[in-house]
Amino acid sequence: MQRKILTLILCLLISSSAGAYDIIIAGGGMGGVSAAIQAERMGTSVLIIEPTGMLGGQATAAGVSTMDDMSRLNDSGIYREFIELVREHYRGKRKSIGTAYWKTNWKAFEPVIGHQILSDMAESADILFHSEILSVDINSQDKGRVVTVKTPEGVQNFTCRILIDATEYGDIIPMAGLRYRSGNSISPDINQNSMIQDITWTAVIRKYPKGVPENLRPKNPLPDYERARKNYMNYVIRDQFSKNNRSPFKLPAEFSTHNAYRAIPDSYLPGSYTGARKDWKRITKTGVNWGNDYPGQYKWEGRYGLPTAYLEDKDLRFEINRQALIKTLNFIYYVQNELGESWSVDDREYNALPDEAKDLPPEWQEIAKHMPPIPYVRECRRILGGYTYNAKAIYENSRSYREGKKNQELQDSIAIGGYILDLHTGDDDDDFEHELGEWQSSMRTDEPCGAFQVPMRILIPESADDFLAAEKNLSMSRLASGALRLQPICMMTGQAVGALAALSVKTGIKPRDIHALHVQRVLSDSGVRLSLADYSDVPEGNKYYGAVQIATLYRLIEPEKYPVYPKQRISTPSKSKSVSGRFGVNSIVKKKELEDMIKRAEEVMNKKLTLPVLSRDIKRGEAVEVIIKAMDNV
């Protein structure tokens, strides 16, 4: 990795036109780094431009390293590779990664470890850290893009054939001249006063068994501490581990309960712990992401949430980020002085003072330099695509194989997610996109029943042929983004964007003209799960697993038995068990079934397929494999 960065710096010093790449990715967050890994593996040249010094975005640079996934079905592909490397790291230290959310089955890691692992995974991509895109122009020579970048070595120009916005704010979308959604309106007519979600400037704090070092224990509170103290008294109180505080959701919670919410492994102290209640008092490291949303209970001009102007006005954004940082710094003072706990920021996680902290008193700068470099931003600009994914569509898709429903899967599925329609304020009726059929009540009526799919359509803007989205900026409603903004699903959609971009570069076909099946074949071969259906006779690892998934998406043949999943909401899983279906992978295909499969496949591709002669006694698994391979060759 260091060699790649040094090589790139030398190129920068030699010429103001630093180089041409197949793909440039703005932002090295979970979506951007995953896109880079996939595209590089497919033989394309990739440049990541990252404003911080870390890869991983919301999961590392923003400090939200407790993974959010209620379905577990998107634990595949590059995301699975990443988690397995995380697990291997902590296994070597004899520590569990099941530390968060008061449970033992959620995944967590230290931000610096996540960054290191992602850096190793993206080793073959060129990366410019501490760099910012200033402008994006059309490349008149090959219809690609010219990207002007402010780097530590000066302003440089790069060219690319495909540009991917994977930033935390969707900042490249307007630079590229594309229409987009911001809040509940569409550019250029942005309603600056509509509300979006709170942000959070998180912190990673740890216990200091021998007492907090003096440089991490400020003597004086920051301005506005009294308001912060009153706010935190509603969330976290002294730790008595009382019998009447058995539910982690009872507020105010005890300090141990707070720590168990976003607990992360501690690489540096001996021993291990999980999210089980018996371990709460043994936890020595956690993320602060509870009660410190900004503005949260402070409100913004009397309203909950932030104005859409936060996304549009960078000066306002800076000031809001600064206030969010101060609010969380006040929590550290609260913990030390009101709760009497020997906890402070972890001085082994971060070591660079954010710009927003440069006017703080020196004793607080000592604290702030160990804070994450960026806030956790839940909502950003979203591209306007030919199709906009909304909450109702997510709900209907998630009902596949439930409540008497059968296959309601999306044919162009490229990822699977699983989360509630989670908006941190900005959820008054006036803040929703009514033209998309969404209101405050939709948060309840359209809550997913379980896992849901992400369609390839929402990665592609309505007009540009050299631009893709790969973070929280997909073509979707505000409410849908509440379920698609989490770390695992960003990584999965990022992988799909990387595959789509690489296919476009290699074939010369515009991304919008590439059939989803070609992307799905790449993803399936890379270990990505695409279908919601479970079949007892085609478990993961079966040689026909990928083909059967794709056959299910396109309904090439009816399974012998549909799976049956319990009626539920994703936030309140049913205690009844799921019943796997049966595809009939080893059953002989009847002549009429085979003819219908081929006809359906040709309808999907809108072309005649070239197929080998298929024997009369071909089995279902082999048949779908042969037919899908022929579809992929179209």
Side-chain angles (χ1 to χ4, degrees), residues 21-40 44-62 64 77-79 82 114-115 118-119 121-122 125-133 136 145 147 149 158 160-176 178 180 311 373-383 385 414-415 417 454 456 458-461 464 466-476 481 484-502 504-505 511:
Y21 288 87
D22 293 326
I23 300 165
I24 290 179
I25 301 173
M30 294 299 266
V33 71
S34 189
I37 294 167
Q38 179 63 47
E40 185 278 327
T44 57
S45 59
V46 179
L47 172 65
I48 299 174
I49 300 168
E50 168 55 37
T52 74
M54 302 184 76
L55 294 179
Q58 59 179 304
T60 58
V64 190
I78 288 174
Y79 177 67
F82 170 65
H115 162 67
L118 290 172
S119 297
M121 293 178 70
D126 286 345
I127 304 172
L128 277 175
F129 287 115
H130 304 293
S131 299
E132 176 187 5
I133 293 181
V136 174
R145 297 280 180 168
V147 180
V149 185
F158 299 88
C160 64
R161 296 170 65 182
I162 299 288
L163 176 60
I164 298 173
D165 185 341
T167 62
E168 300 298 314
Y169 297 97
D171 279 339
I172 311 305
I173 300 172
M175 288 188 191
L178 305 181
Y180 60 91
L311 299 176
I374 59 172
Y376 175 31
V377 178
R378 295 178 175 85
E379 184 172 345
C380 71
R381 299 180 182 91
R382 293 156 282 133
I383 60 168
I414 45 81
V454 180
M456 191 176 86
I458 70 173
L459 312 178
I460 306 168
D466 55 5
F467 188 99
L468 295 168
E471 249 293 329
K472 304 179 288 286
N473 55 356
L474 313 181
S475 181
M476 55 189 171
S481 76
L484 270 70
R485 63 176 172 80
L486 293 314
Q487 317 93 325
I489 191 61
C490 282
M491 205 164 192
M492 298 305 302
T493 54
Q495 182 172 1
V497 170
L500 177 58
S504 178
V505 167

Any side-chain to backbone donor/acceptor pair from D22 onto S45? Under 3.5 Å, distance only. yes

Hey, is the main chain of M491 close enough, under 3.5 Å, to the side chain of S34 for a donor-acceptor pair? yes

Quick check: does any side chain N or O of S481 sit under 3.5 Å from a backbone N or O of L484, one acting as donor and the other as acceptor? no

Give a yes or no on whether the backbone of A39 and the side-chain of T44 come within a donor-acceptor separation of less than 3.5 Å. yes

Begin from the C-alpha positions of L163 and I172 and carry the test side chain to side chain contact (heavy atoms under 4.5 Å, CB included) through to its verdict. CA-CA 9 Å; L163 176 60; I172 311 305; 3.9 Å; yes

Here the pair of heavy atoms bringing A125 nearest to I48 is CB-CD1, 4.5 Å

I'd like to know whether R381 forms a salt bridge (charged side-chain N to carboxylate O under 4.0 Å, His left out) with D171, so could you lay out the CA-CA distance, the side-chain angles of the two residues, the decisive distance to 0.1 Å, and finally the verdict. CA-CA 7 Å; R381 299 180 182 91; D171 279 339; 2.5 Å; yes

Hey, mind stepping through F467 and I383 against side chain to side chain contact (heavy atoms under 4.5 Å, CB included) and telling me if it holds? CA-CA 10 Å; F467 188 99; I383 60 168; 4.2 Å; yes

Does the side chain of L47 come within less than 4.5 Å of I25's, by heavy atoms? no

CD of Q487 to CZ of F82: how many Å apart, nearest 0.5 Å? 9.5 Å

Residues M121, V33; criterion side chain to side chain contact (heavy atoms under 4.5 Å, CB included); working and verdict: CA-CA 9 Å; M121 293 178 70; V33 71; over 6 Å; no

Can you see which heavy atom on E50 is nearest to which on G28, and at what distance? OE1-N, 2.6 Å

Kindly give the heavy-atom pair with the smallest separation between I23 and C160, and that separation in Å. C-CB, 4.2 Å

Taking the side chain from E168 and the backbone from V377, do they hold a donor-acceptor pair closer than 3.5 Å? no

Verdict with reasoning, E471 to C380, per side chain to side chain contact (heavy atoms under 4.5 Å, CB included): CA-CA 9 Å; E471 249 293 329; C380 71; 5.8 Å; no

Quick one: does D165's side chain have a donor or acceptor within less than 3.5 Å of a partner on N473's backbone? no

Which heavy-atom pair separates S504 from I162 by the least distance, and what is that distance? OG-CD1, 3.9 Å

Do side-chain atoms of Q38 reach the backbone of A499 as a donor and acceptor pair under 3.5 angstrom? no

Looking at residues at least two apart in the chain, or sitting in another chain, which of them share a salt bridge (Lys or Arg N to Asp or Glu O under 4.0 Å) with E379? R478

Shortest non-hydrogen pair, G56 vs M30, comes out as O-CG, 3.4 Å

On the 0 to 90° scale, with breaks at 30° and 60°, tag the H115-F129 ring pair as parallel, tilted or perpendicular. perpendicular

Of all heavy-atom pairs between A166 and G31, which one has the smallest distance, and what is that distance? CB-C, 4.4 Å

To the nearest 0.5 Å, what is the distance between CG on L468 and CG on L474? 10.5 Å

Looking at T60 and L55, would you say the former's side chain and the latter's main chain have a donor-acceptor pair under 3.5 Å? yes

Do I133 and M175 come close enough that some side-chain heavy atom pair is under 4.5 Å? yes

Between the side chain of T493 and the main-chain N/O of I489, is any donor-acceptor distance below 3.5 Å? yes

